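Report on one structure; see the data block that follows.
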Number of protein chains: 2
Amino acid sequence: MSLVKKCTMQKPPSFVLDGQGPLFKQIGRAVTEQILKGRYKQGERLPSEAELTTIFDTSRQTVNKAISELAKHGLVERNRRAGTVVSWQFQERFILPLRDVSDELEQNNQIYEYRIIERKVITNGKGGITWGALPAGANLLYLETIHLADGLPVQLETRYINFDAFPEVEHETFAERSPSKWLLENIPWSEVDHTVRATNASAELANKLGVKVGAACLVVDRQTFHRGKPITFVHLIYPGDRFSIKGKFSLANGEE
Amino acid sequence: MSLVKKCTMQKPPSFVLDGQGPLFKQIGRAVTEQILKGRYKQGERLPSEAELTTIFDTSRQTVNKAISELAKHGLVERNRRAGTVVSWQFQERFILPLRDVSDELEQNNQIYEYRIIERKVITNGKGGITWGALPAGANLLYLETIHLADGLPVQLETRYINFDAFPEVEHETFAERSPSKWLLENIPWSEVDHTVRATNASAELANKLGVKVGAACLVVDRQTFHRGKPITFVHLIYPGDRFSIKGKFSLANGEE
DNA sequence: AAGTGGTCTAGACCACACG
DNA sequence: GTGTGGTCTAGACCACTTC
């Protein structure tokens, strides 16, 4: 029996606190730093919370808060007994924020307007329109809205609202607030479902958006629910050359 | 002097713990629940941490953890002295995950393959190619890769790697691992920048992706950095009819 | 001045998974 | 069993902001 198991030559601590901001963030950065430097490789185990507690001379809570945050961002994985190891892949979590058009445009100092093109109550399943989340025969408020930036169309919104569940929309003209804003301010929601894809503009769409027939457009489909109850389904179409979704992510600062 | 300031008819506590999982999550759900129910409206102030501590008969830490989490998700905003109020808009945080193609396909039980179409070292700024993050004249490793699902093209990848900073890529054939996977496993990164938009397929692109000329395609541009040093720029093109980005978000469970 | 959230401590018990 | 992270407590000091 050997006395030591290969004497893994205790690595230099080398964690450096920068003195900026809260301790738990400093610790998070220090550890992230060492991982990025390759000091801890993928699959490799980090010091336990107990060890980090002594390394940084702090309480376990603080260490836990720091490392749990890294785990939330997917940089490390934590397991009881097995300890904390560096993730093998953390590319799965690239993240894109999706914002309301009007907010997006305001930030760019563009002038935002919208116009309701059409408004009617329709029956789910008829006229070729079916919203799978609701049974056929349900009443839907149909709204078609065009959103403009500096007078140029940037988004065509086709919306269906669960009319039976929210009959109060009948008396809303959406003159003051766009349907999107009105819903957000008046109807609570708890779940959202998104799909983003690309499509070619049909003749009708091209006309409404002021682009050429066949032009590539970005399409965002969004379904909103509250406790499983469907609220609204919205189909957003953007001219491909006038709109894009942008997102940044930085490991050092946390999210976004 | 009136004795009471209008006696704001102490609202019924009405927070309900469901007994499922950790206390701080139960509290988070209970509070979220009341907000969604409209019991606390937008801009309205929540009970302070001290009050919640007595309401839930727990420690302040636990309450803090619960409510801070809601704040991270954008449901509420916290301010010193002013207290915690329900956010006016929390639509800004709709989130879309972006995943590696191969992972995406694996999940759908589709067969994944890739082929390197072209590989060469080029000079930044020449041949009409400029990567703004690097100076003109820098060396770039150019890689063009096609990714297939069940034998059908789903992604055309055009990639530039900062060759001067990572000369080790010269000897990598990317035969075992796609450039994307190889980079993720061998080069540390700390910042990512994304843009998603739609575009019409050029003749060349249409040919490579096996779609019609002019077909709408989804384009993802991704720049990756490490401590501000550019690593790679990649231009991913998906046939619009064969690919979409999907994301779900639920307030009740936390993220994603 | 006073109330709020932000952070930190030093302890504790527990569930889980590995040996 | 034993070490790990997950959670919780009861206290504390501080910074900020509104009152």
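All values derive from a computational prediction rather than experimental measurement. Below, read A as the first sequence line, B as the second, and so on, with proteins coming before strands; counting in each chain starts at 1.
- Residue Gln26(B) contributes atom CD, which lies 14 Å from atom C1' of dG6(D) at whole-angstrom precision.
- Contact of the Leu36(A) side chain with the His226(B) side chain is registered, since non-hydrogen atoms from C-beta on lie closer than 4.5 Å.
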*asked:* Using a 4.0 Å heavy-atom cut-off to protein, can you give one letter per nucleotide of nucleotides 10-19 of chain D, 5' to 3': B if the base is in contact, S if only the sugar-phosphate is, - if neither?
replied: B-B--BBBBS
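- Atom CD of Glu69(A) and atom P of dG6(D) are 14 Å apart (whole Å).
- Atom pair Leu52(B):CG and dG5(C):C1' shows a separation of 12 Å (rounding to whole Å applied).
- Within the structure, every side-chain polar atom (N or O) of Thr62(B) is placed at least 4.0 Å from both OP1 and OP2 of dT7(D).
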*asked:* Does Lys229(A) form a salt bridge (charged side-chain N to carboxylate O under 4.0 Å, His left out) with Glu191(A)? I'd like the steps, not just the answer.
replied: CA-CA 9 Å; Lys229(A) 179 179 63 181; Glu191(A) 298 107 42; over 6 Å; no
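- Look at CD on Glu51(A): it is 6 Å from P on dT4(D), rounded to the nearest Å.
- Taking atom CZ of residue Phe56(B) and atom P of nucleotide dT7(D), one finds them 17 Å apart after rounding to whole Å.
- Using a 4.0 Å heavy-atom distance criterion, Ile67(B) is classed as making no nucleic acid contact.
- One interatomic measurement links the two molecules: NZ of Lys25(A) to C1' of dT7(C), which rounds to 12 Å at whole-angstrom precision.
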*Derivation of the ring-ring contact (aromatic ring centres under 6.0 Å, His included) call for Tyr160(B) and Trp131(B)*: CA-CA 8 Å; Tyr160(B) 306 90; Trp131(B) 179 14; 7.3 Å; no
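- Nearer to the 5' terminus of DNA chain D, by closest-nucleotide assignment, is the contact made by Gly83(A) (compared with the other of Asn64(A) and Gly83(A)).
- Per the geometry, CD belonging to Glu49(A) stands 15 Å off P belonging to dC8(D), to the nearest Å.
- In this entry the distance linking CD of Glu77(B) with C1' of dT4(C) reads 15 Å, nearest Å.
- Looking only at side-chain heavy atoms (C-beta outward), Gln42(A) and Val85(A) stay at 4.5 Å or farther from each other.
- Taking every side-chain heavy atom of Pro22(A) into account, dC8(C) is the closest of dG5(C), dC8(C), dT7(D).
- Contacts of His147(B) classified as ring pair (Phe, Tyr, Trp, His ring centres under 6.0 Å), with partners at least two apart in sequence or in another chain: Tyr112(B).
- A salt bridge does not link Lys65(B) to Glu49(B): none of the charged side-chain nitrogens sits closer than 4.0 Å to a carboxylate oxygen.
- Here the side chains of Val234(B) and Glu157(B) are in contact, with some heavy-atom distance below 4.5 Å.
- Between Thr84(B) and dG5(C) there is a side-chain N or O to OP1 or OP2 distance below 4.0 Å.
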